[in-house]
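Inspection log for the structure reproduced underneath, given as structure tokens.
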Amino acid sequence: MKTISLVVPVFYEEDCILQFIKEVKEAFAKLNHQYKYEFVFIDDGSRDKTTELIKGEAAKDPQIKLIEFSYNHGKQWAVTAGIKYATGDYMIYMDPDLQDPPEEIHRFIEEIEKGFDLVFGIRKEKKDNVVNVLFSKIFWWVLEKFTGLKLPKGIAVMRIFNRKFADKFLTYPEQNRFIEGIFMHVGLKQTTIEIQQRDRFAGVSKFNFRRKMKLAFDAIFDFSELPLKMAVKFGFYLMFLSILALLTIVVLRLFFIKFQIGWPSIIITIIGATGILLYFIGVLAIYIGRIYKEVKARPLFSIKELTNINE
Ligand code: UDP
Ligand code: MG
């Protein structure tokens, strides 16, 4: 019998977690217990009742497993830890807020059983407010332009993948982890299915504007060399332009008009050039910072406690 691991990052989800476990159990019961399943929860440093509630369930059911981070690392690292400790033949990655509904689980299983390595859930429309929807449209558009990653449109969190895919995923050692990018980079045989989404069951979204900006920033700098290439191109054009301008002035002065070559033009040139230089030194600094982080190669996460899991 095949085992399915549910990889679920949790961060302040005390209002959702029990309902989530209940609905997932119901979904598997409807599958006539053709599959074994386990929950792999990764607590990303919540300080509410989330872990207490999960541990309560874990005491009754050894298939409920919990990895507790020492402090908040961010969702990307939580997912990575979950995939590392999951033992299933297939893994379903989903959030516990029930935006991705458990009743769709059987469709994911049916689809991957056709021989795919990864099945993405695609949502028709995002159940979210207008600002968030607009923001995520812009985000994915910019990302595609910068990175050339062909991410499926309307990609949801919920997805299923097999052990082969998970093992490949875990060979990506990078510290700056843009999960969707890594998923696309792993590649293999992928497909998508359309799913219905619900509203968040309870609680609030943890991704405020600042966090979303950070994600966008990570995505661009981790999966694109475009900012660096832009610097080179821009610098080249500028050099070309200044040589042209110089020649023009010399020719004008020598052969056509007598004029004062005043200091304002010089000042403006200095300011402009300094600005451009500083800007691109900044671009370089960002990449160097990231290289530094990778070179340190610190462990990706710090685990405080494991429940129902042997190291
Ligand atoms: N999450 C996490 N660490 C964080 C922020 C969020 O593990 O630092 C989890 C959170 O518990 C949830 C998922 O990531 O399961 C997605 O977060 P949320 O539902 O708040 O975001 P949204 O669905 O609004 O994008
Ligand atoms: Mg959510």
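Atoms within each ligand, like the ligands themselves, are counted from 1 in listed order.
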Centre-to-centre under 6.0 Å for [X] and [Y], is that the case here?
X: F183; Y: F165; value: yes
X: F108; Y: H106; value: no
X: F39; Y: F41; value: yes

Would you mind listing which atoms of ligand 1 come within a distance below 4.0 Å of any non-hydrogen atom of [X]?
X: D97; value: 19 (O), 23 (O)
X: R211; value: 4 (C), 5 (C), 8 (O)
X: D95; value: 13 (C), 15 (O), 16 (C)
X: P96; value: 15 (O)
X: Q99; value: 23 (O)

Atom of V40, atom of S5 and distance for their closest heavy-atom approach: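 That would be CG2-CB, 4.5 Å.
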
Under 3.5 Å: N/O of F11 near N/O of ligand 1: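 Yes.
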
Heteroatom proximity flag, P9 to ligand 1, N/O under 3.5 Å: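 Checking ligand 1 against P9, an N or O pair does fall under 3.5 Å apart.
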
Whether S205 has an N, O or S atom under 2.8 Å from the Mg ion (ligand 2):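 S205 does not place any N, O or S atom closer than 2.8 Å to the Mg ion (ligand 2).
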
Quick one: look at [X] and ligand 1, take heavy-atom pairs under 4.0 Å, and tell me if it's side chain, backbone, both or neither.
X: N72; result: side chain
X: V10; result: backbone
X: E13; result: side chain
X: H73; result: neither

Salt bridge or not for [X] and [Y], using N-O below 4.0 Å?
X: R159; Y: D100; answer: no
X: R177; Y: E174; answer: no
X: E103; Y: R198; answer: yes
X: E52; Y: K49; answer: no

Atom of D97 closest to the Mg ion (ligand 2), considering N, O or S atoms: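 This turns out to be OD2.
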
For T192, the option from I122, L118, I155 that meets side chain to side chain contact (heavy atoms under 4.5 Å, CB included):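 Output: one option passes, namely I122.
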
